[in-house]
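Encoded as structure tokens, the structure appears first; notes follow it.
None of these values were measured; they are calculated from a predicted model.
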Amino acid sequence: MARKPVSKAVRARLPRYWVWTRRAVQYLSLLGFLVWFVRLRGSESPAAWVDLPMRLDPLAMLSHLLAARRLLAGSALAFLVLALTLGVGRAWCGWLCPLGTVLDLFPRRRPSRVPDLWRKAKHLLLGAILIAALCTNLTLLVLDPLSILLRALASGLWPAAEQAFGAAERALYGFPALRPLVSSLDRLVRPHLLGANPVDFRAGTVYAGLLLAVLALNAVAPRFWCRYLCPLGALLGLLSKVSLVRRGVNVRCNACGACARVCPTGTIRSEEGYTSDPAECTMCLECLEVCPQRAVVFRIHLRPERRQVYDPGRREFLLTMGAALLGAAVLRGERHARARLSKPIRPPGVQEDRLLSTCLRCGACSRACPTGAIQPALGESGWEGFWTPVLLFRLGYCAYSCNACGQVCPVEAIPPLTLEEKRRQVLGRAYIDRDRCLPWADGRPCIVCEEMCPVPEKAVVLENVEVVQDDGSPLLLQRPHVVEARCIGCGICEYKCPVPGPAAIRVYAGEPARF
């Protein structure tokens with residue numbers, strides 16, 4: 001039986017259907033990422049998917065493989081993205097990347113005047129990341145697109161939203177007529193969407209500022225980040241040069257230029273017959289929709305794509321390699337010097353050297369920590385440890401009944417300890433500053449640190465002493481002492497200490513010297 005021919009009207013609508021499909025996949029992927037992010041908070045998230053987005057990131061997994069010399073079983077998910085790229089090019093960038101979708105929400109249709117040679121930057125950045133990873137340095141992964149988005153949400157935008165929502169609740173609760181509505185809204189939103197107890201992050205504007213800077217670059221050129229800076233896009237672009245399916249034009253093309261005007265990455269060039277570089281094409285299909293002649297086609301190619309003028313050459317690669325090796329050596333020297341001066345407190349089970357060579361700087365542990373104790377490092381561990389997790393006990397504490405950070409880490413930089421194993425980990429030791437402690441320095445009653453200590457046998461014990469007050473009357477005081485052998489350094493005593501400013505009891509990493 002002869003196949004019924006497709007009508008011209010249907011053929012005209014097909015490109016639009018494909019574009020709508022792509023946009024639907026984009027927005028559903030972004031929605032899925034946000035749902036995952038919201039569910040990431042706390043220790044109740046299903047273990048099978050808490051680290052899924054980062055495991056799909058080929059750049060993060062490849063860098064971890066080079067630095068840790070270890071292939072995690074979950075890293076195999078990144079091969080799905082690589083296989084997709086070898087099949088249909090940079091479809092990840094145009095269809096699935098949540099940061100790319102956010103960028104598309106802020107389009108700029110005017111053509112870019114940025115020289116094409118700037119596209120080299122992302123390739124050089126990719127080379128620097130991979131070469132530094134071979135030297136067990138992952139500092140530059142702060143520029144991974146998924147890390148930028150996740151860290152900005154976890155440490156900047158979402159805490160700000162929680163604080164703003166709480167402030168609005170308090171303001172509205174002052175009106176008696178609105179109190180039932182405010183209470184109902186609070187039960188609806190907390191703890192399912194926003195945290196039951198909002199946490200604070202220092203330098204949240206820094207984390208959110210990097211994302212806002214990426215968005216602001218759209219004013220210079222559509223998808224400026226994807227065109228010129230994204231190292232993950234560079235990795236997928238190199239593979240796209242040998243992908244099977246690539247964009248082209250057929251003989252119906254009349255050089256109207258409509259496709260070039262809508263291309264978000266500016267890779268369609270009139271001087272080359274309106275063809276495009278598959279390493280820069282995100283398979284967004286916008287050109288397919290606007291072409292009046294239906295001249296845009298996607299065909300199978302078996303030969304690698306030719307080299308472009310902005311592809312890095314041997315000399316640039318050697319310069320990048322030298323800069324990356326020199327930078328890694330300098331940071332390694334700084335690490336040894338800083339270790340003599342101070343030692344940051346890390347999450348449970350973390351080994352310092354292993355953390356620095358495996359941490360992706362994604363911020364998932366900061367998001368999962370229910371008390372906000374895990375913060376991205378700024379200067380505590382030097383530039384090599386920039387944005388790795390540290391515990392700041394004045395902002396939060398390591399909850400005795402929580403092991404969420406190890407469960408959400410996609411590369412086990414924080415070991416996935418069971419709750420019983422985690423409770424046996426010693427993070428540091430608490431020390432009392434008797435010049436600031438209320439019972440010691442001022443003769444005022446305070447037993448907060450002893451009350452808050454969670455270990456079965458209290459690590460803070462009280463000594464009853466009788467002191468004479470200014471009026472000559474006796475006062476029975478309870479002065480705290482730390483039993484070193486029992487202290488696990490959870491930091492709740494430091495967090496709860498009522499002394500303003502630095503706490504009178506503080507946790508320090510490392511064992512004290514023995515003489």
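When side chains are defined from C-beta on, V25 counts as touching L96, because their heavy atoms get closer than 4.5 Å. At least one side-chain heavy atom of L157 sits less than 4.5 Å from a side-chain heavy atom of L211.
A distance of 10.0 Å separates CG in L84 from CH2 in W95, rounded to the nearest 0.5 Å. Between the CG atom of L34 and the CG atom of L153 there is a distance of 6.5 Å, given to the nearest 0.5 Å. Of the inter-residue distances, the one linking L59 atom CG with L141 atom CG reads 5.5 Å to the nearest 0.5 angstrom. Here the straight-line distance linking atom CG of L149 with atom CZ of F37 works out to 8.5 Å at 0.5 Å rounding. Interatomic distance, E162 CD to F201 CZ, rounded to the nearest 0.5 Å: 8.5 Å.
Although no hydrogens or angles enter the test, the distance criterion places no donor-acceptor pair under 3.5 Å between the side chain of R55 and the main chain of M61. Side chain of T139 to main chain of E384: a donor-acceptor pair is present (N/O by atom type, distance under 3.5 Å, no hydrogens or angles). Counting only distance, with no hydrogens or angles, the side chain of W440 and the backbone of P480 share a donor-acceptor pair below 3.5 Å. Here the side chain of E352 pairs no donor or acceptor atom with the backbone of V350 at under 3.5 angstrom. At least one donor-acceptor pair closer than 3.5 Å links the side chain of Q407 to the backbone N or O of L417. The closest donor-acceptor contact from the side chain of R429 to the backbone of Y508 lies at 3.5 Å or more, if one exists at all. The closest donor-acceptor contact from the side chain of E494 to the backbone of V507 lies under 3.5 Å. Judged by distance alone, with hydrogens and angles left aside, the side-chain atoms of R361 form no donor-acceptor pair with the main-chain N or O of S147 at under 3.5 Å. Of the possible polar contacts, one joining the Q375 side chain to the G372 backbone as a donor-acceptor pair under 3.5 Å is found.
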side-chain contact (heavy atoms from CB on, under 4.5 Å) assessment of I374 paired with L391: CA-CA 5 Å; I374 300 180; L391 292 168; 3.5 Å; yes
Verdict with reasoning, C359 to W387, per side-chain contact (heavy atoms from CB on, under 4.5 Å): CA-CA 9 Å; C359 177; W387 277 347; over 6 Å; no
Stepwise side-chain contact (heavy atoms from CB on, under 4.5 Å) check, T282 with C226: CA-CA 9 Å; T282 61; C226 306; 5.6 Å; no
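With a 6.0 Å radius and a threshold of 12 heavy atoms from other residues, nucleotides or ligands, Q351 has its CD atom at or below the threshold. In R444, the CZ atom is not crowded: 12 or fewer heavy atoms of neighbouring residues, nucleotides or ligands sit closer than 6.0 Å. More than 12 heavy atoms of other residues, nucleotides or ligands sit less than 6.0 Å from atom OH of Y27.
A67 and T136 make their closest contact through O-CG2, 3.5 Å (heavy atoms, listed as atom of the first residue, atom of the second, distance). Across all non-hydrogen atoms, the minimal contact from L356 to R346 is CD2-NH2, 4.0 Å. Contact record, L138 with S357: CD1-O, 3.5 Å, taken as the closest heavy-atom pair. Across A404 and C402, no two heavy atoms sit closer than the pair N-SG, 3.4 Å. For N218 against L103, the heavy-atom pair with the smallest separation is ND2-O, 3.0 Å. For the pair V411 and L72, the tightest heavy-atom approach, listed with the atom from each and the gap, is CA-CD1, 3.3 Å.
Ring orientation note: the planes of Y495 and Y397 are tilted relative to one another, at an angle of 30° to 60°.
Among pairs with a residue in residues 210-232, those fulfilling salt bridge (charged side-chain N to carboxylate O under 4.0 Å, His left out) read D104-R223, at least two apart in sequence or across chains.
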Could you pull out every donor-acceptor pair under 3.5 Å between side chains of residues 454-464 and any protein atom, sequence neighbours left out?
{"from": "K458", "atom 1": "NZ", "to": "E450", "atom 2": "O", "distance (Å)": "3.1"}
{"from": "K458", "atom 1": "NZ", "to": "E451", "atom 2": "O", "distance (Å)": "3.4"}
{"from": "K458", "atom 1": "NZ", "to": "C453", "atom 2": "O", "distance (Å)": "2.8"}
{"from": "E463", "atom 1": "OE1", "to": "H481", "atom 2": "NE2", "distance (Å)": "2.6"}
{"from": "N464", "atom 1": "OD1", "to": "Q478", "atom 2": "NE2", "distance (Å)": "3.4"}

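Remark: R423 is positioned above the aromatic ring of Y400, its terminal NZ or CZ atom under 6.0 angstrom from the ring centre and at most 45 degrees off the axis.
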